[in-house]
Amino acid sequence: QVQLVESGGDSVQAGGSLTLSCAASGYTYSYVCMGWFRQAPGKEREPVATGYTNTDASSAYYADSVQGRFSISYDNVKNMLYLQMNSLKPEDSAMYYCAADLLIKPRCGTTAADFTYWGQGTQVTVSS
(Lines give C-alpha, C1' and ligand atoms only; values in the text may rest on other atoms or scores of the structure.)
Protein backbone atom coordinates (compact mmCIF):
# COMPACT_ATOMS: atom_id res chain seq x y z
CA GLN A 1 0.00 0.00 0.00
CA VAL A 2 1.39 3.36 -1.03
CA GLN A 3 2.01 5.74 1.84
CA LEU A 4 3.11 9.35 1.70
CA VAL A 5 4.10 11.19 4.87
CA GLU A 6 4.90 14.89 4.78
CA SER A 7 6.95 16.82 7.30
CA GLY A 8 8.69 20.16 7.66
CA GLY A 9 5.77 22.54 7.83
CA ASP A 10 6.17 25.47 10.20
CA SER A 11 5.34 29.10 10.90
CA VAL A 12 7.84 31.54 9.42
CA GLN A 13 8.20 35.21 8.69
CA ALA A 14 7.79 36.54 5.17
CA GLY A 15 11.05 36.26 3.28
CA GLY A 16 12.04 33.14 5.15
CA SER A 17 12.68 29.63 3.88
CA LEU A 18 11.40 26.16 4.61
CA THR A 19 12.09 22.70 3.27
CA LEU A 20 9.24 20.20 3.15
CA SER A 21 9.89 16.48 3.00
CA CYS A 22 7.73 13.58 1.88
CA ALA A 23 8.62 10.00 2.72
CA ALA A 24 7.15 7.58 0.18
CA SER A 25 6.73 3.85 0.61
CA GLY A 26 4.73 0.92 -0.69
CA TYR A 27 5.86 0.81 -4.30
CA THR A 28 8.81 -0.68 -6.16
CA TYR A 29 8.98 1.46 -9.28
CA SER A 30 12.35 2.99 -9.93
CA TYR A 31 10.69 6.32 -10.67
CA VAL A 32 7.24 7.79 -10.42
CA CYS A 33 5.40 11.05 -11.03
CA MET A 34 5.25 12.98 -7.79
CA GLY A 35 4.34 16.47 -6.79
CA TRP A 36 3.46 19.04 -4.20
CA PHE A 37 0.06 20.67 -3.96
CA ARG A 38 -1.34 23.19 -1.52
CA GLN A 39 -4.73 24.20 -0.26
CA ALA A 40 -5.60 27.33 1.66
CA PRO A 41 -8.86 27.64 3.62
CA GLY A 42 -11.79 28.22 1.29
CA LYS A 43 -9.71 27.60 -1.81
CA GLU A 44 -9.25 24.69 -4.16
CA ARG A 45 -6.21 22.46 -3.99
CA GLU A 46 -3.65 23.81 -6.43
CA PRO A 47 -0.44 22.43 -7.88
CA VAL A 48 2.86 23.79 -6.66
CA ALA A 49 5.43 21.60 -8.44
CA THR A 50 5.36 18.19 -10.10
CA GLY A 51 7.74 15.97 -12.00
CA TYR A 52 9.08 12.48 -12.60
CA THR A 53 11.53 11.47 -9.89
CA ASN A 54 14.17 10.42 -12.42
CA THR A 55 14.39 13.89 -13.94
CA ASP A 56 16.19 17.06 -13.02
CA ALA A 57 14.32 19.57 -10.92
CA SER A 58 14.83 22.15 -13.63
CA SER A 59 12.51 20.16 -15.91
CA ALA A 60 9.71 20.01 -13.35
CA TYR A 61 6.45 21.88 -13.64
CA TYR A 62 6.12 24.88 -11.32
CA ALA A 63 3.10 27.04 -10.73
CA ASP A 64 3.67 30.61 -11.89
CA SER A 65 3.20 31.84 -8.33
CA VAL A 66 6.22 29.87 -7.06
CA GLN A 67 8.48 29.88 -10.13
CA GLY A 68 11.97 30.99 -9.14
CA ARG A 69 11.26 30.69 -5.40
CA PHE A 70 10.46 26.99 -4.92
CA SER A 71 12.40 23.95 -6.06
CA ILE A 72 11.33 20.30 -6.07
CA SER A 73 13.89 17.54 -5.67
CA TYR A 74 13.95 13.78 -5.27
CA ASP A 75 16.05 11.09 -3.63
CA ASN A 76 15.18 7.85 -5.39
CA VAL A 77 17.38 5.81 -3.07
CA LYS A 78 15.56 6.97 0.04
CA ASN A 79 12.20 7.41 -1.75
CA MET A 80 12.03 10.99 -0.55
CA LEU A 81 10.50 14.06 -2.17
CA TYR A 82 11.47 17.56 -1.12
CA LEU A 83 10.24 21.08 -1.67
CA GLN A 84 12.67 23.90 -0.98
CA MET A 85 10.72 27.11 -0.46
CA ASN A 86 12.53 30.44 -0.45
CA SER A 87 11.36 34.04 -0.23
CA LEU A 88 8.13 32.91 1.35
CA LYS A 89 5.11 35.19 1.16
CA PRO A 90 1.95 35.32 3.28
CA GLU A 91 0.01 34.04 0.27
CA ASP A 92 2.09 30.83 0.40
CA SER A 93 0.32 29.94 3.65
CA ALA A 94 -1.58 26.68 3.14
CA MET A 95 -1.67 23.00 3.89
CA TYR A 96 0.92 21.38 1.64
CA TYR A 97 0.33 17.89 0.30
CA CYS A 98 2.61 15.35 -1.31
CA ALA A 99 1.07 13.31 -4.13
CA ALA A 100 2.07 10.39 -6.33
CA ASP A 101 0.83 8.79 -9.53
CA LEU A 102 2.19 5.33 -10.33
CA LEU A 103 1.02 5.30 -13.95
CA ILE A 104 3.85 6.19 -16.32
CA LYS A 105 2.57 8.69 -18.87
CA PRO A 106 4.27 10.82 -21.51
CA ARG A 107 4.17 13.72 -19.08
CA CYS A 108 3.84 13.91 -15.31
CA GLY A 109 0.46 15.32 -14.34
CA THR A 110 -0.01 18.88 -13.18
CA THR A 111 -3.50 18.78 -11.69
CA ALA A 112 -4.86 17.15 -8.55
CA ALA A 113 -7.00 14.83 -10.67
CA ASP A 114 -3.83 13.31 -12.16
CA PHE A 115 -2.69 11.94 -8.80
CA THR A 116 -3.99 8.89 -6.98
CA TYR A 117 -2.05 8.85 -3.73
CA TRP A 118 -1.94 11.66 -1.20
CA GLY A 119 -0.32 12.38 2.12
CA GLN A 120 -2.08 13.94 5.09
CA GLY A 121 -0.46 17.33 4.61
CA THR A 122 1.83 19.64 6.52
CA GLN A 123 0.89 23.20 7.46
CA VAL A 124 2.90 26.19 6.30
CA THR A 125 2.07 29.58 7.76
CA VAL A 126 3.86 32.72 6.60
CA SER A 127 3.36 35.90 8.58
CA SER A 128 4.01 39.40 7.30
Side-chain angles (χ1 to χ4, degrees):
Q1 183 175 353
V2 176
Q3 283 194 315
L4 303 173
V5 180
E6 304 95 335
S7 61
D10 205 347
S11 296
V12 297
Q13 296 268 342
S17 297
L18 276 177
T19 300
L20 304 184
S21 301
C22 172
S25 62
Y27 61 86
T28 58
Y29 299 98
S30 58
Y31 68 92
V32 294
C33 169
M34 294 191 74
W36 290 97
F37 289 75
R38 67 186 182 186
Q39 188 168 18
K43 294 188 177 182
E44 291 188 357
R45 191 168 296 190
E46 62 177 11
V48 175
T50 69
Y52 276 110
T53 59
N54 64 336
T55 60
D56 188 82
S58 62
S59 63
Y61 162 84
Y62 293 94
D64 289 344
S65 58
V66 306
Q67 184 75 43
R69 299 187 298 122
F70 291 11
S71 180
I72 192 171
S73 62
Y74 327 99
D75 184 330
N76 283 312
V77 175
K78 297 180 180 179
N79 279 358
M80 294 291 294
L81 177 72
Y82 303 99
L83 183 68
Q84 175 66 43
M85 305 186 294
N86 299 322
S87 302
L88 283 161
K89 305 175 181 179
E91 52 264 42
D92 294 319
S93 297
M95 186 71 79
Y96 282 71
Y97 297 91
C98 172
D101 174 22
L102 302 188
L103 296 178
I104 302 302
K105 303 170 184 174
R107 298 187 67 178
C108 182
T110 59
T111 70
D114 295 320
F115 291 80
T116 303
Y117 302 98
W118 294 85
Q120 293 300 307
T122 186
Q123 179 68 40
V124 173
T125 303
V126 184
S127 57
S128 58

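Remember, it's a predicted structure, so these values are computed and weren't measured experimentally. Note that these values count all heavy atoms, side chains included, but never hydrogens, waters or copies made by symmetry.
- By the rule that hydrophobic residues join a cluster once side-chain heavy atoms approach within less than 4.5 Å of another member, Y74 and I104 end up as members of separate clusters.
- In this structure, T122 and G9 approach most closely via the heavy-atom pair OG1-N, 2.9 Å.
- When hydrophobic side chains of Ile, Leu, Val, Met, Phe, Trp and Tyr are connected at separations under 4.5 Å, M95 ends up clustered with F37, Y97, F115, W118.
- The minimum heavy-atom distance linking V32 with L102 is given by the pair CG1-CD2, 3.5 Å.
- Nearest approach of A40 to S93, heavy atoms of both residues: CB-O, 3.9 Å.
- Taken to the nearest 0.5 Å, the CZ atom of R69 stands 6.5 Å off from the CG atom of L88.
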Is there a side chain to side chain contact (heavy atoms under 4.5 Å, CB included) between I72 and L81 once you walk through the steps? CA-CA 7 Å; I72 192 171; L81 177 72; 3.7 Å; yes

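- For A94 against R38, the heavy-atom pair with the smallest separation is CB-CB, 3.8 Å.
- Using a 4.5 Å heavy-atom threshold, the side chains of D92 and M85 count as separate.
- Looking at C33 and K105, their side chains never come closer than 4.5 Å, going by heavy atoms from C-beta outward.
- Here CZ of F70 is found 8.5 Å from CG of N86. Values are rounded to the nearest 0.5 Å.
- Taking Ile, Leu, Val, Met, Phe, Trp and Tyr as hydrophobic and joining them when side-chain heavy atoms fall under 4.5 Å apart, one finds Y82 in a cluster with M80.
- Across all their heavy atoms, S17 and S87 have their closest contact at OG-N, 4.3 Å.
- No donor-acceptor pair under 3.5 Å is formed between the side chain of T53 and the backbone N or O of N76.
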Check your understanding: Run the side chain to side chain contact (heavy atoms under 4.5 Å, CB included) check on M34 and C22 step by step: do they pass?
Key -> CA-CA 10 Å; M34 294 191 74; C22 172; 4.3 Å; yes

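- Residues N79 and Y27 meet the side-chain proximity criterion, which asks for heavy atoms closer than 4.5 Å.
- With sequence neighbours excluded, no residue forms a ring-ring contact (aromatic ring centres under 6.0 Å, His included) with Y62.
- Of the inter-residue distances, the one linking S25 atom OG with Q1 atom CD reads 9.0 Å to the nearest 0.5 angstrom.
- Rounding to the nearest 0.5 Å places SG of C98 at 11.5 Å from CD of Q120.
- Note: L20 CG to W36 CH2 = 5.0 Å, rounded to the nearest 0.5 Å.
- Inter-residue side-chain proximity for Y61 and R107 is flagged as unmet; no heavy-atom pair is nearer than 4.5 Å.
- Residues L4 and A24 approach most closely at CD2-CB, 3.6 Å, considering heavy atoms.
- Y117 and Y96 fall within a single hydrophobic cluster, where Ile, Leu, Val, Met, Phe, Trp and Tyr side chains are chained together by heavy-atom contacts under 4.5 Å.
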